[in-house]
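What you see is a predicted model, and the numbers here were worked out from it, not measured in a lab. Values reported hereafter were calculated over all heavy atoms of this structure, with side chains retained and with hydrogens, waters and symmetry mates removed. Quick note: residue numbers are just sequence positions, from 1.
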Amino acid sequence: MAKNKKNSKVNQKIKKYFDDDPFDVGVARVSTQTLSELFNYLGIYDIEQSKDMLLKMARMLWSEADSGIRVDIFSFFAHNGTVYKATSKVEPSLERDDKIESLISQLQVTSEEAKALHNAFGDVRSKKITIEKMESKLLHIRFSFKKERLQKRVDGIFDIDDSIEFNASLKYAIYGQHFHKILTLNTKTFEYEHLRDTDEDKLSKEIEKAKNLSIKKKQQEIDTFIKNLKDPHPHLSQKEILHALRVMPPKTKLSYPMLKENVIHSIVSGALGEVEIDISDEEMLISMPQSIKLPYSKIEQPYTLEIHVELNSLLEDIWRGENIDFSTVVEEFKKEHEEHFLNDLKSLVDECRSYAALLHLSDEVLYDKVYEPLLELLNASLNISPKIAQKSLRRFIHSISEEIAKKQRYELLARTIRDFKNLFPLARDMKRKLILHVGPTNSGKTYQAMQKLKSADTGYYLAPLRLLALEGYEDLKEDGIDASLITGEEQILDEDATHISSTIEMLNFDVDVDVCVIDEVQMLDDRDRGWAWANAIIGAPAKEIIMTGSANAKEAVIALAEYLGEELEIIEFTRKNPLILLDAPTHEKDVEPNTAIIAFSRKDVLKLKQNFSKYFSVSVVYGNLSPEVRREEARRFRTGETQILVATDAIAMGMNLPIKTILFSKAEKFDGVSDRNLLPSEIHQISGRAGRYGLFEKGCVGALSGDVLNIIKKNFFKEAKTITIPFKVMANLEHIKLVGNILEEKSLYEILKFFVKNMEFDGPFLATNLEDMMELSILIDSYNLDLTTKYHLACAPMTLKSPYIMSAFENYLSTLEKNMPVIYVVPPLSGTHAQTTDELLRAEDMVKEISLYLWLSYRFKEYFIDADRARASRGVLNRFIENSLQQSQLATKCRMCSAPLPPNSPYGICQACFKKNYAGQGIKKGGGYRKSR
């Protein structure tokens, strides 16, 4: 009931500011700016700043909120003092005026009361005016007149709660000073019924008594407040206290005297450091620098933290001299603010993630891409507004658009060449039969395959080495078959040829034949070249594909045949004569003629050659020698010019030599990655060269030392590890062009990287190891060349370890870029043979450069114009190397001072250089140091 009465009073009072219209009607005449100020006054900030929304909210608050809100709304309009008049007034109705006058005449009223009644009912419809309403209104008018008379008598005004608001003079005595302040006070609240029913004289006395009580109470509060002030005060000087008390306004909502803003700023900064403050009527806003570590990033993002503090509470703590501690409130605001930011950030990132789903970005990369546009737009308060979020999203989408397009091109490319077998259309259009000749060395498997090849109308022989391709070519020619030889650096073409002998990498997938022999099929498992065997088996366009190889390749070939859906016949061969493992190691002096000593590096071969040259005439074979020199050294051994052969495992593949005994000097080799023991398959392949059928009844296998023999014995009878899927495959030029076109990429390195890392194939395949080719492509990409030229250059047979070859290659690239002919410069030679192993190595590199030049001359005939001169120079260099190998001793020089080293020295430097540079320091090895001995 009391609440309704209080609301009724406020309803009547506020009409004063709306030209006697009720609030809901009059508020429509208030401007948008004033309505916005009203809501700020009420502490409501998050509301749409449109007139319709502000009106709707104001009317809702007035009708639904508690009386306290109505009082605050009234206070706002009372403070402004503006009267919002109606734009149009209803014309007076004579009928209504007559009725009002008639009803007033029935009442005992004064002229002033009659005028008030006329005003009250002046805009009410005539039929709604009754005597009862007029009587009720008269009571209200008389009560209002009574209150107005009381206000004049007691020198005060009734406040909205029916207390009396009045001004009083109060004394202040502090720090030896005495002064008075006029303050606005309120008496107790008087009940409505009491005011209405009590005599004015009595009420006047009661109000005067209540005023005196309020003054006394306030004076006691002031005296107590001053008495309780700490002296000295921890926050305020006497001057600041006196100033605050003297300038305190008569009427304020604050319970404690307001201080100057600079004083409050100094106190707050003392607690928080340098901050900014903004003080309103009842609140203080603190702005202070903070930072937040952004998720999935090392970025510390600065921002301004805004803290809202109740001014009255802060003033209380200051005046009481309490410790000013904001730590809890700062932590709460910081936590709330950062949680809000992180939630908004996550929402933005999640939306960005949905657009970037195709890229499969990690959280770190995704957030980093979102931060790039967001941090440019983000305001100092970390507020990700809808507008900022929308702009950030648009910029993010723009930033990944090229990556998305590229990824889409990747997927198109993957779909295009995923089914690898269909990249060889000619082979797929033929009904091919696969035949596997499987067995150990010296079992006749390759011989039988070659016989089948010779009997065919057309055929292809694919060899693992240029030397074997040459032997295959000569074998075909000896049987009267018209044949061509095609290797990387040499082509002997016969227009009438029905057969081709070729290195396997040179297979032409557009030439169909009746029979294709693929030799040494176990090379499928080779880390660097296995792709060539896989490509040949899948894509060779021949009616019959005959593969020869060791037993460990059988399961792999079966898997390939199943993938291709082609018929496979397996023919197993056995060795024609026995292979005996010797019981004891063989001493150097006990080696017999027709023996091959096996080492696994050029350096070891040359050392062994020097050792055995004391007792035997020696041939040598190792990978760095040109095929011509290897062939000549093999001829010398085959014809008996030399008694023994010192070789690397280069003889294990297809070289048919009169070897009775194989002796291993070592049982470990470097495989391109690390030093490791020989595998059973490698021991079998090398050992099988002993005891050639038709020359010897048996073959023997042993070692030069007991340690090596033990390892050979341990693995000799073990089965070779079965070759397993997946198989390595490699893109040819057409594939490279396809990748380049779809990816819109000109960099050969990027195309190869894509092929290795991103291609997925249907079937048992993965992209081959292209490390050397990719490393070379980085150099090639630095020259302005077309993609086809780049590809052929990257496929060139060359070693990246030789500075001599690399220097020559870079010269070729530079000349090609200028569209100029590449001249071959004949290198100078001193003498008829090398004096040192370094001179021999240089000559070997010179031959390799010629091989590279000739290989390129078949692909770029218009530029590499000196092929004949290069071949002539190769003949000279080969003779120089052959003469060098026939020398019993080759000196080794110190790599620091070039002084000769003792024969078979295990060190690369001389004793004098060692003493000068390393004595007392230890020799660095394997990342640490060891004492030299």
Side-chain angles (χ1 to χ4, degrees), residues 440-442 522 550 552 575 577-623 630 633-634 637 642-672 674-693 695-721 903-906:
T441 54
N442 222 344
Q522 72 276 0
S550 54
N552 63 324
R575 185 176 170 87
N577 57 4
L579 195 59
I580 306 301
L581 184 62
L582 300 177
D583 293 330
T586 304
H587 191 270
E588 291 179 1
K589 295 181 180 179
D590 297 330
V591 172
E592 297 178 352
N594 297 111
T595 294
I597 312 295
I598 307 301
F600 295 97
S601 71
R602 173 184 181 275
K603 180 180 178 181
D604 287 344
V605 166
L606 293 177
K607 283 185 178 180
L608 287 166
K609 189 253 181 189
Q610 290 191 359
N611 285 346
F612 281 98
S613 292
K614 300 173 186 175
Y615 316 109
F616 305 99
S617 54
V618 181
S619 285
V620 295
V621 172
Y622 52 88
R630 275 184 278 171
E633 288 294 293
F637 179 69
T642 56
Q643 296 169 299
I644 67 170
L645 173 68
V646 178
T648 62
D649 51 351
I651 68 163
M653 204 172 293
M655 291 189 74
N656 293 314
L657 297 168
I659 300 172
K660 179 181 179 182
T661 303
I662 291 282
L663 296 177
F664 289 88
S665 66
K666 287 187 176 181
E668 63 178 28
K669 66 178 289 187
F670 181 72
D671 62 4
S674 61
D675 288 313
R676 58 165 177 77
N677 285 343
L678 295 175
L679 302 174
S681 59
E682 293 167 331
I683 292 174
H684 298 166
Q685 189 74 13
I686 297 168
S687 300
R689 295 298 158 193
R692 184 176 176 187
Y693 180 70
L695 293 179
F696 305 101
E697 293 181 359
K698 64 180 180 179
C700 299
V701 179
L704 295 180
S705 68
D707 291 342
V708 174
L709 185 59
N710 287 336
I711 296 174
I712 301 301
K713 284 181 177 180
K714 182 179 178 182
N715 292 283
F716 186 78
F717 296 105
K718 283 185 180 179
E719 288 190 7
K721 183 181 178 182
N904 298 326
S905 171

Short side-chain to backbone donor-acceptor contact, [X] and [Y], under 3.5 Å:
| X | Y | result |
| --- | --- | --- |
| His587 | Leu704 | no |
| Asn677 | Ile711 | no |
| Ser617 | Gln643 | yes |
| Glu633 | Ser619 | no |

Value rounded to 0.5 Å, distance of [atom1] in [X] from [atom2] in [Y]:
| X | Y | atom1 | atom2 | value |
| --- | --- | --- | --- | --- |
| Asp707 | Glu668 | CG | CD | 11.0 Å |
| Thr595 | Leu645 | OG1 | CG | 10.0 Å |
| Glu719 | Ser681 | CD | OG | 12.0 Å |
| Leu608 | Glu588 | CG | CD | 7.5 Å |
| Asn611 | Asp604 | CG | CG | 10.5 Å |
| Arg575 | Lys698 | CZ | NZ | 12.0 Å |

N/O donor to acceptor pairs below 3.5 angstrom from side-chain atoms of residues 658-665, sequence neighbours left out:
from: Ser665; atom 1: OG; to: Ile598; atom 2: O; distance (Å): 2.7

State which residues pass side-chain contact (heavy atoms from CB on, under 4.5 Å) with Asn710; sequence neighbours excluded, sorted by chain then number.
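Asn710: no side-chain contact (heavy atoms from CB on, under 4.5 Å) contacts found.
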Looking only at non-hydrogen atoms, find the nearest pair between [X] and [Y] and report the distance.
| X | Y | value |
| --- | --- | --- |
| Phe600 | Lys666 | CE1-O, 3.4 Å |
| Ile644 | Pro593 | CG2-CA, 4.3 Å |
| Leu581 | Lys713 | CD2-CG, 3.5 Å |
| Cys700 | Leu582 | CB-CD2, 4.1 Å |
| Asn442 | Gly688 | CB-O, 4.0 Å |
| Ala647 | Val605 | C-CG2, 4.1 Å |

Aromatic rings Phe616 and Phe612: how do their planes relate, parallel, tilted or perpendicular, breaks at 30° and 60°?
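Geometry flag for Phe612 against Phe616: tilted rings.
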Arg676 side chain near Lys669 side chain, heavy-atom distance below 4.5 Å:
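Side chain of Arg676 against side chain of Lys669, heavy atoms only: contact under 4.5 Å found.
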Side-chain contact, heavy-atom cut-off 4.5 Å: Asp649 with Glu682?
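No, too far: nothing below the 4.5 Å cut-off.
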Under 3.5 Å, is there a donor-acceptor pair between the Ser550 and Asn552 side chains?
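Result is yes, a qualifying pair exists.
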Between Gln685 and Thr441, does a side chain to side chain contact (heavy atoms under 4.5 Å, CB included) hold up when you go through it step by step?
CA-CA 7 Å; Gln685 189 74 13; Thr441 54; 4.1 Å; yes
